[in-house]
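What you see is a predicted model, and the numbers here were worked out from it, not measured in a lab.
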Amino acid sequence: MAPSSDVAFQYGAGGKGKGLSEGKRLLSQPRGLHVDDDGTLYVADFTNFCVVRFGAGDAAGKVVAGEEAKQLMDVDYLKDIDKPLRPADGEGFLLKNPVDVVRDADGALLVLDCPMARVQRFELLGDKSAAGSVVFPPPRGPLVRSSAVPEAIKHPRSMLQHNGGMVICDTWSHRVLFYGDEASPEVLAGTANSCGSSSSQLNFPSGCAFLSDGSLLVADTNNHRIQRFLPGELSGQTVAGSPEGKPGDGLSELQMPTGIVVEADDCFLVADRANARVMRFRAGNAGEVVAGPDLLERPWGLALGKDGSIFVSDERRAVVLKLAPTTPAKGAVQTAPGHAKARPSGGYPDAMSLD
């Protein structure tokens with residue numbers, strides 16, 4: 001195992017809870033991350049039901065969306081059977097389980113609430129936010145009467161702004177969706193309500209990113225692999241991990257990958273969750289350990305700073321680590337078993353035989 005990167009800063013006291021401990025913020029289950037160009041970090045704290053903002057070098061942070069340790073509850077229709085239907089208490093202010101966060105072009109927060117299966121937009125007002133409004137799925141879209149139908153979004157785990165729209169990993173429906181100008185989404189990968197390890201299927205996807213040529217990378221979590229989808233194609237190619245959907249801990253293998261980000265040179269980083277490490281992959285080669293079990297227990301989310309710093313959330317240690325910038329190892333690197341030769345055009349392996 002290669003040595004881990006240097007830790008430049010730790011966000012979170014390392015003990016689960018709420019509030020502060022010796023001037024450091026207690027996180028509960030940090031997952032999705034967003035980093036501004038000035039180094040400001042936003043953390044979706046899944047089981048603290050809020051989004052926390054940390055300034056560069058700030059260990060205390062501020063809750064800027066949701067309310068710490070206070071969860072949005074479901075409407076109790078039996079309890080209120082004689083009352084008119086109304087939104088749940090705290091609707092627009094409280095969150096159920098925020099799993100990802102980004103900032104839009106106007107500086108507002110977009111928060112993905114996993115069990116609510118929606119993205120809310122919160123205008124930032126100093127250290128607070130105004131009431132949130134649902135932006136995805138679009139309110140003008142078709143009415144979905146049941147969470148069981150194929151068109152319903154089910155427990156999404158991540159989102160990504162792209163081409164003026166929003167890409168959402170519709171995790172429990174095993175697909176990736178793009179919301180653009182149309183009210184109904186476009187399916188970028190996967191088959192609704194159908195999981196598997198074939199080239200056209202996904203199995204609980206948890207993260208996605210785009211390469212410079214427009215290809216979509218998907219962290220196909222329960223298939224223990226990263227799939228690449230060429231623009232307009234619904235059949236994927238395995239570029240890291242097992243084409244057959246088998247877990248492993250070798251340099252070419254993954255086990256329950258979640259977060260994924262692409263670096264400037266089209267190398268991509270993967271939070272290899274069950275192997276307690278962050279991996280870097282380049283075209284046609286085995287992976288390189290960026291951070292390992294000496295630092296991590298259950299990494300989930302990844303983000304890149306403007307200077308190349310790597311931010312990784314560890315939901316078991318309840319911290320977010322800022323790792324010093326690193327560069328891919330130079331020289332010959334072992335070719336990943338089963339991978340084809342690199343493509344001259346896009347730089348990634350050709351499609352492989354998939355079950």
Without hydrogens or angle criteria, can the side chains of [X] and [Y] be said to hold a donor-acceptor pair below 3.5 Å?
X: R273; Y: S206; result: no
X: S158; Y: D100; result: no
X: S200; Y: S235; result: no
X: H224; Y: N222; result: no
X: S242; Y: E253; result: no

(message) Quick check on the hydrophobic clustering: are V99 and V51 connected, directly or via other members, by side-chain heavy-atom contacts under 4.5 Å?
(response)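 In one cluster: no.
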(message) Could you work out, with salt bridge (charged side-chain N to carboxylate O under 4.0 Å, His left out) as the rule, every residue matching E233, not counting sequence neighbours?
(response)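 Expected list: none.
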What's the separation between atom [atom1] in [X] and atom [atom2] in [Y], rounded to the nearest 0.5 Å?
X: Q255; Y: T221; atom1: CD; atom2: OG1; answer: 12.0 Å
X: L323; Y: D6; atom1: CG; atom2: CG; answer: 9.0 Å
X: Q120; Y: L95; atom1: CD; atom2: CG; answer: 6.0 Å
X: H155; Y: C114; atom1: NE2; atom2: SG; answer: 6.0 Å
X: Q10; Y: K24; atom1: CD; atom2: NZ; answer: 5.5 Å
X: E67; Y: L94; atom1: CD; atom2: CG; answer: 6.0 Å

[X] side chain near [Y] side chain, heavy-atom distance below 4.5 Å:
X: P247; Y: L254; answer: no
X: S194; Y: Q201; answer: yes
X: L177; Y: L188; answer: no
X: L202; Y: V176; answer: yes
X: F210; Y: L160; answer: yes
X: C267; Y: V262; answer: no
X: Q227; Y: L217; answer: no

Considering only Ile, Leu, Val, Met, Phe, Trp and Tyr, and joining two whenever side-chain heavy atoms are under 4.5 Å apart, list the other residues clustered with [X].
X: M73; answer: none
X: F204; answer: W172
X: L33; answer: F9, Y11, L27, V35, L41, V43, V52, F54, V63, F311, V320
X: L234; answer: none

Salt bridge check: are [X] and [Y] linked by an N-O gap of less than 4.0 Å?
X: E68; Y: K18; value: no
X: D74; Y: K96; value: yes
X: D45; Y: K16; value: no
X: R175; Y: E186; value: no
X: E244; Y: R225; value: no

(request) Would you verify whether the NZ or CZ of R31 falls within 45 degrees of the ring axis of F46 while also being under 6.0 Å from that six-membered ring's centre? (result)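 Geometry flag: set, cation within 6.0 Å and 45°.
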(request) With V102 as reference, evaluate L110, L109, V111, V119 under the side-chain contact (heavy atoms from CB on, under 4.5 Å) test and give the passing residue. (result)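 The residue from L110, L109, V111, V119 that satisfies side-chain contact (heavy atoms from CB on, under 4.5 Å) with V102 turns out to be L110.
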(request) For residues 122-141, pull every pair meeting ring-ring contact (aromatic ring centres under 6.0 Å, His included), keeping only residues two or more places apart or in separate chains. (result)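 Listed by first then second residue: F136-Y179.
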(request) In sequence, state the C-alpha distance, the side-chain angles, and the governing distance for I310 and L304, and then conclude on side-chain contact (heavy atoms from CB on, under 4.5 Å). (result) CA-CA 5 Å; I310 301 166; L304 292 175; 4.0 Å; yes
(message) Working note: R121 + D106, criterion salt bridge (Lys or Arg N to Asp or Glu O under 4.0 Å); need CA distance, chi angles, decisive distance, verdict.
(response) CA-CA 11 Å; R121 185 176 188 272; D106 298 321; 3.6 Å; yes
(message) With a sphere of 6.0 Å drawn around CD of E182, does it hold more than 12 non-hydrogen atoms of other residues, nucleotides or ligands?
(response)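 Not buried by this count: 12 neighbours or fewer within 6.0 Å.
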